[in-house]
Amino acid sequence: MTTEMQEIAITEDKPLLTGQADTVKDAELAARILLDQGQEHSVETPYGVLHVTLHGSRTSRRPAILTFHDVGLDSKSCFSPLFKFEEMQEIVKNFTLIHIDAPGQEEGTAAYPAGYQYPSMETIAEMIPAVLQFFNFRTVIGVGVGAGAYILSKFTLANPDSVEGLVLINIDINARGWIDWAAQKLSSVTSSLTDQIMTHLFSQEELSANTDLVQSHRERISKSSNLANVELFWKTYQGRRDLNIDRSSTFKCPVMLVVGDQAPYEDAAVECNSKLDPTTTSFLKMADAGGLPQLTQPAKLTEAFKYFIQGMGYMASSCMTRLSRSRTTSLSSSYSMDGSRSRSRTLSQGSQGGQMPPSPSQTMEVSC
C-alpha cells in the first residue's frame, strides 16, 4: 500500500511542478510586458483629459519621474529610447515613471474638429496637478524637452513644493520677438508644417546630413494621423509668453539644463543658464548630440541624470562608470547677455559621490 501511494505521488508530482513553473513564467512574462508597455490612463483635469502612461508602482515613497515631450513628438518617441536604455534601468527600477502626452498628441488619437480651441501653454501646465493627485504622488522630478521643458517650468514656478528637481532639455524661456515672429510667418508660407517642426527638433548639420534619425522622424510626422493636432500644439508653443525668470525670481529646486552643441536652442539654453541661481543649477552642453540628446546620446545623459539624482540625495550607492571613464572636459567661460559671468555648477570630473562641486567662476562643458 505504501508503494502504491508512492507511485501515485510520483505520477501527480511531475505535472504539478510543470504547471507551477509555467504559471510562474507566464506571470513573469506578463509583468515584463506590462512594465515595458506601461499602464495607460485617461486623466480628467479641470481643463480636459490628458493621456498618461505609468511605469512602476503608485506606492513608491520617492518622487515620481514625470516627463513631458516636445512638439512633433509624443511620450514614446521622445523618451522611450532613453528610459529603455540598459544603464537607465537602475533608475527606472527605483522610481515610478509618469509620461504625459500633451492634449491630442498621443499616437493614434483622432484629430480635433475644425475650430477647436487648443489650450494655452499656461493651461496645459495647470492640468498637471490633477495628474499628481490621480496617482497620489506628492512630489516629482520633472524631465521636459522643448515645449515640454517650458510647460514643466511653468508648472514648477506655480507649484514649487511639488517639484524636487528639473531636467530641462532645449529650454527657451522667452517669448518670440518680432524678428522671430516674422521669420515664422514667412516659414509657414514657404515651408510645410513637417519641415518647420524638423527645423525645431534638429540642428542644421543633422538636417543636411539627413541622418537615419532625421529620416525616421520626418516620415513619422508627415504621415501622422493627428497632424492637425500637432499643428495646434506647435502654434500654441509659438505663442508662448516669457517665463520672466531671473536670479531673484527663479526655481526653488535643483535644475539641470541640457542642450546639444550646435542645437537649435543652444543660445536659448545658455541665456536661461545665466538667469538661474548658480548654486542650484547645472549646465550640460553635449558635443555630437544634435537637437535631441536624449535620443542621440542616451548613455551620457543617463550618467548625468544619475549624478543629478544623487545630488538630490537619492541612489547614493549608484555606480558611476561610463561618463566618468569616457568623457573629457573643457573649461569654458560662460557669460550672460549683459556680459556678467555665469557661475553655474556643472557635472565636472572631480564630482564625488554624486555631489555637485562648489559653484565655480567658470562653466565646465562636458564634451563627450
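Note that the structure is a prediction, hence the values are computed from the model and not measured.
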Under 3.5 Å, is there a donor-acceptor pair between the side chain of Thr109 and the main chain of Gln105?
->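 Such a contact is absent between Thr109 side chain and Gln105 backbone.
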Whether Ser222 side chain and Glu219 backbone form a donor-acceptor pair below 3.5 Å |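 Checking the backbone N and O of Glu219 against the side chain of Ser222, a donor-acceptor pair under 3.5 Å is found.
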What residue pairs, at least two apart or across chains, pass salt bridge (Lys or Arg N to Asp or Glu O under 4.0 Å) with a residue in residues 141-155?
->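 Matches after skipping sequence neighbours: Glu122-Lys154.
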Distance-only donor-acceptor check, side chains Ser203 and Gln262, under 3.5 Å =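 No - no donor-acceptor pair under 3.5 Å links their side chains.
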His51 and Asp74: side-chain donor and acceptor closer than 3.5 Å?
->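 No donor-acceptor contact under 3.5 Å links the two side chains.
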[X] to [Y] - nearest heavy-atom pair and separation:
X      : Y      : value
Gly260 : Asn170 : N-OD1, 4.4 Å
Arg247 : Leu276 : NE-O, 2.7 Å
Gly291 : Pro264 : CA-CD, 4.1 Å
Ser75  : Asp101 : N-OD1, 2.8 Å

Near [X] [atom1], under 6.0 Å, is it more than 12 heavy atoms from other residues, nucleotides or ligands?
X      : atom1 : answer
Gln89  : CD    : yes
Arg58  : CZ    : yes
Gln133 : CD    : no
Gln117 : CD    : no

Rounded to the nearest 0.5 Å, what separates atom [atom1] in [X] from atom [atom2] in [Y]?
X      : Y      : atom1 : atom2 : answer
Glu303 : Lys306 : CD    : NZ    : 5.5 Å
Met286 : Gln297 : CE    : CD    : 5.0 Å
Tyr47  : Ser120 : OH    : OG    : 9.5 Å
Asp172 : Ser153 : CG    : OG    : 10.5 Å

Side-chain contact test, heavy atoms from C-beta onward, threshold under 4.5 Å: evaluate it for Asn226 versus Glu107 and give yes or no.
->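 Of all side-chain heavy-atom pairs linking Glu107 with Asn226, none is under 4.5 Å.
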Check whether any side-chain heavy atom of Phe79 lies under 4.5 Å from a side-chain heavy atom of Ile65, and answer yes or no.
->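 No, side chains not in contact.
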Look at the aromatic rings of Phe308 and Phe305 and report parallel, tilted or perpendicular, splitting at 30° and 60°.
->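 Correct class here is parallel.
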Could you label the plane-to-plane angle of the Tyr116 and Tyr112 rings as parallel, tilted or perpendicular, counting under 30° as parallel and over 60° as perpendicular?
->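 Taking Tyr112 first and then Tyr116, their aromatic rings lie parallel (interplane angle under 30°).
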Verdict with supporting geometry, Tyr314 and Phe95, ring pair (Phe, Tyr, Trp, His ring centres under 6.0 Å) | CA-CA 10 Å; Tyr314 298 107; Phe95 290 86; 5.8 Å; yes
Out of His55, His41, His99, which residue meets the ring pair (Phe, Tyr, Trp, His ring centres under 6.0 Å) rule with Phe135?
->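 By the ring pair (Phe, Tyr, Trp, His ring centres under 6.0 Å) criterion, Phe135 pairs with just one of His55, His41, His99: His41.
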Val49 and Ile124: same hydrophobic cluster, using ILVMFWY side-chain contacts below 4.5 Å?
->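 As far as the 4.5 Å side-chain criterion goes, Ile124 and Val49 are not connected within one cluster.
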Worked check of side chain to side chain contact (heavy atoms under 4.5 Å, CB included) between Ile221 and Leu201 | CA-CA 12 Å; Ile221 294 171; Leu201 294 176; 4.2 Å; yes
Test log, rule side chain to side chain contact (heavy atoms under 4.5 Å, CB included), inputs Thr139 and Arg62 = CA-CA 8 Å; Thr139 60; Arg62 293 179 172 180; over 6 Å; no
Going through the distances and angles, do Tyr150 and Arg241 end up as a side chain to side chain contact (heavy atoms under 4.5 Å, CB included)?
-> CA-CA 10 Å; Tyr150 180 97; Arg241 300 176 181 177; 4.2 Å; yes
Under the side chain to side chain contact (heavy atoms under 4.5 Å, CB included) criterion, do Asp267 and Glu271 qualify, and how do the steps go?
-> CA-CA 6 Å; Asp267 292 341; Glu271 181 180 355; over 6 Å; no
